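Scroll down for the structure; my scribbles are underneath it.
Just so we're on the same page: letters track the sequence lines, and every chain starts at 1. Because the structure is a prediction, the values reported are computed rather than measured. Computed over heavy atoms, backbone and side chain alike; hydrogens, waters and symmetry mates excluded.
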Number of protein chains: 2
Amino acid sequence: MDLNLARTFLTVVYGGSFVLAAERLCVSQTTVTARIKSLEEQLGAQLFVRSASGSSLTPAGERFVPHAQQLLATWQDALRNMSACERKEPLRIGAETGLWQPWLTRWLSWLKLEQPDLHMQARVGQGSMLLDQMENGTLDILLSHQARYRPALHVRLLMEETLVQVRHVENPEPHIQTDWGEAFRQQFELAFPAQHAQIETNVGQLALQLLLEQGGTGYFRSQVVAPWLASGQLMRVAGAPEFSLPVYVMTRKACNHPQLQTALHGIGQLVRQPPHPHDSAVPASDITHE
Amino acid sequence: MDLNLARTFLTVVYGGSFVLAAERLCVSQTTVTARIKSLEEQLGAQLFVRSASGSSLTPAGERFVPHAQQLLATWQDALRNMSACERKEPLRIGAETGLWQPWLTRWLSWLKLEQPDLHMQARVGQGSMLLDQMENGTLDILLSHQARYRPALHVRLLMEETLVQVRHVENPEPHIQTDWGEAFRQQFELAFPAQHAQIETNVGQLALQLLLEQGGTGYFRSQVVAPWLASGQLMRVAGAPEFSLPVYVMTRKACNHPQLQTALHGIGQLVRQPPHPHDSAVPASDITHE
DNA sequence: TGCCCTTACGAAGAGCGTAAGGATG
DNA sequence: CATCCTTACGCTCTTCGTAAGGGCA
């Protein structure tokens with residue numbers, strides 16, 4: 001029995017439906033189905049009554065609730081107790097400016113859920129500055145678009161995002177340039193040798209907000225702009241090349257923080273998940289929240 | 001976190017070494033290493049001090065013991081509570097005579113460990129009789145060398161054992177014939193048309209015991225006789241053909257006993273494991289225990 | 001028809017065993 | 001140098017996501 005099953009069970013209980021639980025747990029709905037099914041088999045009893053309006057507990061499910069709570073509570077307790085005597089030094093996590101949304105934020109909340117008592121320190125900044133900190137030993141783990149290979153560092157390619165050029169439907173001006181890192185800059189200058197941006201920024205969300213309000217053209221991560229492309233507010237610029245934007249996660253080999261592996265595992269999980277409904281379904285509020 | 005990790009942890013604690021824990025859990029020793037390592041990573045603390053004379057708890061490990069116990073106890077409690085209101089009808093398990101050792105015995109003890117409160121009924125007998133019971137609906141799950149395909153039954157090939165002919169090193173007489181089932185009998189008569197056995201039995205272990213004490217020749221499962229072949233008490237009969245002996249597990253599709261899946265899963269696990277050290281290392285005592 | 005859940009299936013990852021190597025008394 | 005544990009590697013099974021289907025208002 002995996003404690004994930006108990007957690008999934010309770011999430012369904014609290015939410016009242018598999019769909020909602022899936023969202024809260026950041027997994028697909030079929031995964032919730034499979035987990036509940038597995039739990040039901042192990043317990044030898046049906047836990048939920050499925051209906052068109054959601055799922056409600058059977059008597060057996062009702063009786064399992066306190067046990068599930070106890071299991072999770074015991075585990076949390078154990079985590080607390082263990083980390084209590086461990087080094088109090090925080091796990092220092094860095095992310096390049098373009099990456100804190102949504103990856104760093106999701107990552108931190110995942111970590112907080114998983115290790116409630118973990119002391120962590122999050123920094124957002126220029127890639128090269130953070131890379132220096134990694135080498136200094138003043139940063140433990142870094143999310144960046146640029147990799148720097150050193151004997152003391154461990155580099156892993158997390159994923160490849162795609163940058164596409166989009167424009168406001170009505171007004172293609174001004175040209176807004178986002179600093180997506182050194183590698184992108186080089187590629188971009190090769191593709192558009194004579195182009196000079198009217199506006200430059202180092203935060204994608206800022207550029208996007210400007211573009212939506214004032215009009216303009218610029219490069220953005222395809223996942224991020226997908227909802228506006230769908231709604232017709234933005235459109236792809238015909239003929240503009242796409243760029244690939246790798247994301248690396250780096251760690252110091254010398255870092256022996258006990259939760260380093262946990263953190264690495266967590267970010268690995270997150271990037272494999274599809275864009276969360278919340279992230280794309282309510283684009284307007286996403287922007288205003290910044 | 002999987003509860004297996006907690007169970008493994010406690011087994012190591014009680015036994016004092018990874019090797020011993022591996023034996024008790026019927027897994028390889030590297031598996032124990034991996035599980036403990038995983039647990040240590042999730043807890044962010046080292047649990048054992050490894051030494052040449054075994055493993056002892058670190059302070060952190062010491063503190064984790066009660067939590068691990070609590071986790072397992074809670075889960076056992078949940079199982080008890082769930083099955084308490086379930087049908088009281090026992091899960092009826094059958095096995096053909098040749099299969100109760102070692103498979104049925106291991107299976108039952110695994111089930112008892114996994115589902116302490118499961119009410120079960122074990123029957124050993126002639127394959128055809130048990131097959132009839134399956135069709136009658138008076139048996140839920142059956143381990144047999146013969147398959148019978150019926151719409152109401154679900155058949156799965158569990159594994160293929162190999163029968164080899166062996167003889168006592170000094171004395172090849174008498175010829176002892178074990179009834180390994182219908183399929184084997186047919187194959188055997190094809191291979192040895194004129195042969196008539198001096199002694200017939202329907203229990204392999206009985207034949208083996210006779211053969212070891214009195215001398216003789218006969219067909220046995222290769223895994224079972226391996227230790228005596230190695231020790232030189234027995235030898236293969238040159239030129240004698242090998243026979244393949246399939247093992248099927250059958251279930252009634254109509255059976256909705258809540259623990260049926262658990263049981264199926266368990267036997268699937270067991271057959272994938274190598275012959276347990278105990279089973280082959282101490283052949284003499286194995287025999288006398290019967 | 002829309003919502004909620006299940007089934008089928010392929011791909012990625014986890015778990016486990018074998019074989020070989022390091023440490024420690 | 002024997003015992004106990006770890007590492008490396010390959011295989012298998014599990015798990016998860018995508019796509020498609022069923023039941024119920």
Side-chain angles (χ1 to χ4, degrees), chain A residues 1-5 7-9 11-12 15-23 25-42 46-58 61 156-159 261-262 264-277, chain B residues 1-5 7-9 11-12 15-23 25-42 46-58 61 156 158-159 261 264-277:
Chain A
M1 219 289 287
D2 194 297
L3 293 187
N4 265 334
L5 303 189
R7 184 173 297 133
T8 305
F9 169 76
T11 309
V12 174
S17 98
F18 286 24
V19 176
L20 190 57
E23 285 183 13
L25 293 168
C26 294
V27 296
S28 82
Q29 182 271 323
T30 60
T31 298
V32 175
T33 296
R35 287 186 184 169
I36 297 298
K37 188 178 170 190
S38 164
L39 189 57
E40 288 179 329
E41 275 176 9
Q42 292 186 56
Q46 191 168 327
L47 298 171
F48 291 103
V49 181
R50 281 81 157 165
S51 84
S53 61
S55 295
S56 57
L57 286 167
T58 62
R156 195 178 110 204
L157 176 65
L158 251 192
M159 58 175 168
Q261 291 306 319
T262 307
L264 266 178
H265 181 245
I267 187 67
Q269 295 259 48
L270 289 182
V271 298
R272 277 193 288 107
Q273 281 162 17
H276 200 279
Chain B
M1 218 287 289
D2 194 297
L3 294 187
N4 265 334
L5 303 188
R7 184 175 297 131
T8 305
F9 169 76
T11 310
V12 173
S17 97
F18 286 24
V19 176
L20 190 56
E23 284 183 12
L25 294 167
C26 295
V27 296
S28 82
Q29 182 271 323
T30 59
T31 298
V32 175
T33 296
R35 287 184 183 172
I36 297 298
K37 189 178 169 190
S38 163
L39 190 56
E40 289 179 328
E41 276 176 9
Q42 293 186 57
Q46 191 167 329
L47 297 171
F48 291 104
V49 181
R50 282 81 157 165
S51 84
S53 60
S55 295
S56 57
L57 286 167
T58 61
R156 193 177 111 202
L158 250 191
M159 57 175 169
Q261 291 307 319
L264 266 177
H265 180 244
I267 187 67
Q269 295 260 49
L270 288 181
V271 298
R272 276 191 290 108
Q273 280 163 18
H276 198 279

**Asked** Quick one: which of B:Thr8, B:Asp2, B:Asn4 gives a side-chain hydrogen bond (donor to acceptor under 3.5 Å, both in side chains) with B:Arg35?
**Response** B:Thr8
Rounded distance (Å) that lies between atom [atom2] of [N] and atom [atom1] of [X]:
X	N	atom1	atom2	value
A:Leu3	D:dT15	CG	P	14 Å
A:His265	C:dG15	NE2	C1'	13 Å
A:Leu157	C:dA12	CG	P	14 Å
A:Gln269	C:dG13	CD	P	10 Å
B:Phe48	D:dC4	CZ	P	15 Å
A:Ile267	C:dG13	CD1	P	14 Å
B:Glu41	D:dT6	CD	P	12 Å
A:Leu25	D:dT15	CG	P	16 Å

**Message:** List the residues meeting salt bridge (Lys or Arg N to Asp or Glu O under 4.0 Å) with B:Arg7, not counting sequence neighbours, and say none if there are none.
**Reply:** none
**Request:** Please name all residues satisfying salt bridge (Lys or Arg N to Asp or Glu O under 4.0 Å) with A:Glu41, sequence neighbours left out, ordered by chain then number.
**Result:** none
**Request:** Take the angle between the ring planes of B:Phe9 and B:Phe48 and call it parallel below 30°, perpendicular above 60°, tilted in between.
**Result:** tilted
**Asked** Does B:Ser28 place a side-chain N or O at less than 4.0 Å from the phosphate oxygens OP1/OP2 of C:dG17?
**Response** yes
**Item:** Sequence-aligned protein contact record of nucleotides 2-8 of chain C, with B where the base is within under 4.0 Å of a protein heavy atom and S where only the sugar-phosphate is
**Value:** --SBBB-
**Asked** Heavy-atom distance under 4.5 Å between the side chains of A:Leu20 and A:Thr11, does that happen here?
**Response** no
**Complete:** The side chain to side chain contact (heavy atoms under 4.5 Å, CB included) partners of A:Ser38 (sequence neighbours excluded) come to A:Leu5, A:Gln42
**Message:** Holding to side chain to side chain contact (heavy atoms under 4.5 Å, CB included), I want the full list of residues that pass it with B:Thr30, two or more places apart in sequence or in another chain.
**Reply:** B:Ser28
**Item:** Non-hydrogen atoms of B:Thr58 and B:Gln46 that approach each other most closely
**Value:** OG1-O, 2.7 Å
**Item:** Distance-minimising heavy-atom pair for A:Arg50 and A:Ile36
**Value:** NH2-CG2, 4.0 Å
**Request:** Can you pull out how bent the helix from C:dT1-D:dA25 to C:dG25-D:dC1 is, comparing the axes over its first five and last five pairs, to 10°?
**Result:** 30°
